[in-house]
**Student:** 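Structure incoming, see below.
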Amino acid sequence: MNFHSKAVHAGDRKRKAGTPIPVTTPIHTAASFFYDSLESIDKVFAKEIEGYAYSRYDNPTNAALEELVSSLESAHGSLATASGMSALQIAITAALIDRRKHVLAANAIYGATVKLLQQVFEPFGTTNAFVDICDLDAVQKAIDTEKPGVILMESISNPLLRIGQIDKIAEMARKVGACLIVDNTFATPALIRPLELGAHISLSSATKYLSGHGDVIGGLVSCDEEHFEPVRALSRIYGPILGPFECYLTMRGIKTFPLRIERQNQNAILLAQHLSQHSKIQTVYFPGLSHHPDQETTARLLPPNMFGAMISFEIKGADKAAIFAFFDKLKMIVPATSLGDVHTMALYPAIASHRDIPPKQRLRLGIQDNLVRLSAGIESIEDIIEDLDQALHESVAEDN
Ligand SMILES: Cc1ncc(COP(=O)(O)O)c(C=O)c1O
């Protein structure tokens with residue numbers, strides 16, 4: 001099946017002889033399952049027959065979502081987790097089990113991921129280093145000197161939208177036996193499928209584009225054959241699984257996700273063009289613009305005319321007060337934390353996604369205090385532009 005068809009059909013309508021087949025996967029809320037003989041459940045535990053025993057291990061609703069996501073990510077197997085952060089935590093833990101406890105991470109990465117590495121993994125003896133993932137020489141040098149067990153990057157980075165060469169980094173990682181984990185939240189499997197490019201694990205915050213309606217917190221870990229069992233085994237012990245209701249909402253969201261992302265991409269292109277010519281905007285960060293530093297990688301790894309639906313921009317001369325005023329003046333665009341929803345959203349990285357990164361380090365990463373991050377929704381482009389323009393007009397002085 002092609003991508004749009006997989007999104008609608010994969011995982012649904014499991015056949016059981018003689019029973020009616022629901023057209024969409026039901027929400028199985030049962031914590032546990034029983035059989036007509038104890039021997040059967042013994043065989044389920046022993047994996048001699050297919051079945052479910054206890055929902056922390058496995059649940060039919062979760063299994064349907066996981067099959068769907070594996071299909072979209074070209075994965076051997078996937079796990080639905082309680083949040084994007086728990087997806088990161090379980091993926092990194094599983095990858096480090098038999099490897100050197102050193103993580104080489106992209107320096108342009110979600111703030112909470114940095115905290116996870118420094119405040120959760122470091123106290124348990126893991127060390128971390130950070131590198132410019134778009135500078136392949138620097139990555140190779142870091143691999144040679146640091147000998148990481150895990151390399152961690154985002155397919156499109158948050159918030160400056162840099163695009164690393166996953167295929168080349170995967171090659172480097174494989175040469176030294178390191179595991180490449182790609183956080184695919186911003187690109188989504190509609191744009192990039194990291195496992196097809198050689199990564200070992202691709203994960204996403206399902207909270208964002210995949211569920212897409214601002215009503216789910218969830219995560220997804222998609223693995224190659226080597227890493228699926230360790231991830232699944234850890235999950236059975238840790239228990240960070242996604243609840244069946246959220247699995248249902250995520251599956252429901254995914255059915256329209258390829259359509260939504262096309263529209264969001266299209267809106268993002270038009271918004272980036274508009275903002276680039278706006279007198280109150282200093283710089284626009286968007287992979288579809290000719291000055292974006294990763295043009296070649298974008299052309300090589302992303303589908304034609306698909307650049308993701310995130311745009312970041314700096315407002316000319318705006319201090320914190322002007323940025324706050326801009327957010328307060330927005331009428332339709334939702335000034336809230338998150339991204340990838342049907343509604344357009346604006347976020348101020350300095351006080352939200354990158355709040356915990358010290359200001360000097362933030363500036364070194366190129367995240368200025370006048371940077372705004374926008375997640376394009378599916379509304380009419382005229383309305384999004386009108387709202388941005390009026391908020392800029394009302395909040396930023398003309399002579400800035
Ligand atoms: C790139 C990226 N990865 C992971 C996460 C964490 O996802 P969640 O909030 O679902 O835990 C986020 C959240 O914003 C994110 O932007």
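In each ligand, atom 1 is the first atom listed, and ligand 1 is the first ligand listed.
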**Student:** How close does the nearest protein non-hydrogen atom get to atom 16 (O) of ligand 1, and which residue and atom is it?
**Tutor:** Asn158 ND2, 3.5 Å
**Student:** Surrounding CD of Glu39 (heavy atoms of other residues, nucleotides or ligands, distance under 6.0 Å), is the total greater than 12?
**Tutor:** no
**Student:** Considering heavy atoms of the protein only, find what lies nearest to atom 8 (P) of ligand 1 and give residue, atom and distance to 0.1 Å.
**Tutor:** Gly84 N, 3.3 Å
**Student:** May I ask you to list the atoms of ligand 1 that are less than 4.0 angstrom from any heavy atom of Thr185?
**Tutor:** 1 (C), 2 (C), 3 (N)
**Student:** Is any side-chain heavy atom of Ile241 closer than 4.5 Å to a side-chain heavy atom of Thr81?
**Tutor:** no
**Student:** Give the residue, atom name and distance (to 0.1 Å) of the protein heavy atom nearest atom 10 (O) of ligand 1.
**Tutor:** Thr207 OG1, 2.6 Å
**Student:** I'd like the name of whichever of Gln89, Lys208, Met85, Glu154 reaches closest to atom 14 (O) of ligand 1 through any heavy atom.
**Tutor:** Lys208
**Student:** If you compare all heavy atoms of Pro159 against all heavy atoms of Arg373, which two are closest, and at what distance to 0.1 Å?
**Tutor:** CB-CD, 4.0 Å
**Student:** Can you report which non-hydrogen protein atom sits closest to atom 2 (C) of ligand 1, along with the distance?
**Tutor:** Asp183 OD2, 3.4 Å
**Student:** Do Phe324 and Phe327 make the cut of ring centroids closer than 6.0 angstrom?
**Tutor:** no
**Student:** What I want to find out is whether Lys208 reaches Asp341 closely enough, with some N-O distance under 4.0 Å, to be called a salt bridge.
**Tutor:** no
**Student:** Would you say Gly218 contacts ligand 1, with heavy atoms under 4.0 Å as the rule?
**Tutor:** yes
**Student:** Do ligand 1 and Ser205 have nitrogen or oxygen atoms that lie under 3.5 Å from each other?
**Tutor:** yes
**Student:** Do the ring planes of His76 and Phe228 sit parallel (below 30°), tilted (30 to 60°) or perpendicular (above 60°)?
**Tutor:** perpendicular
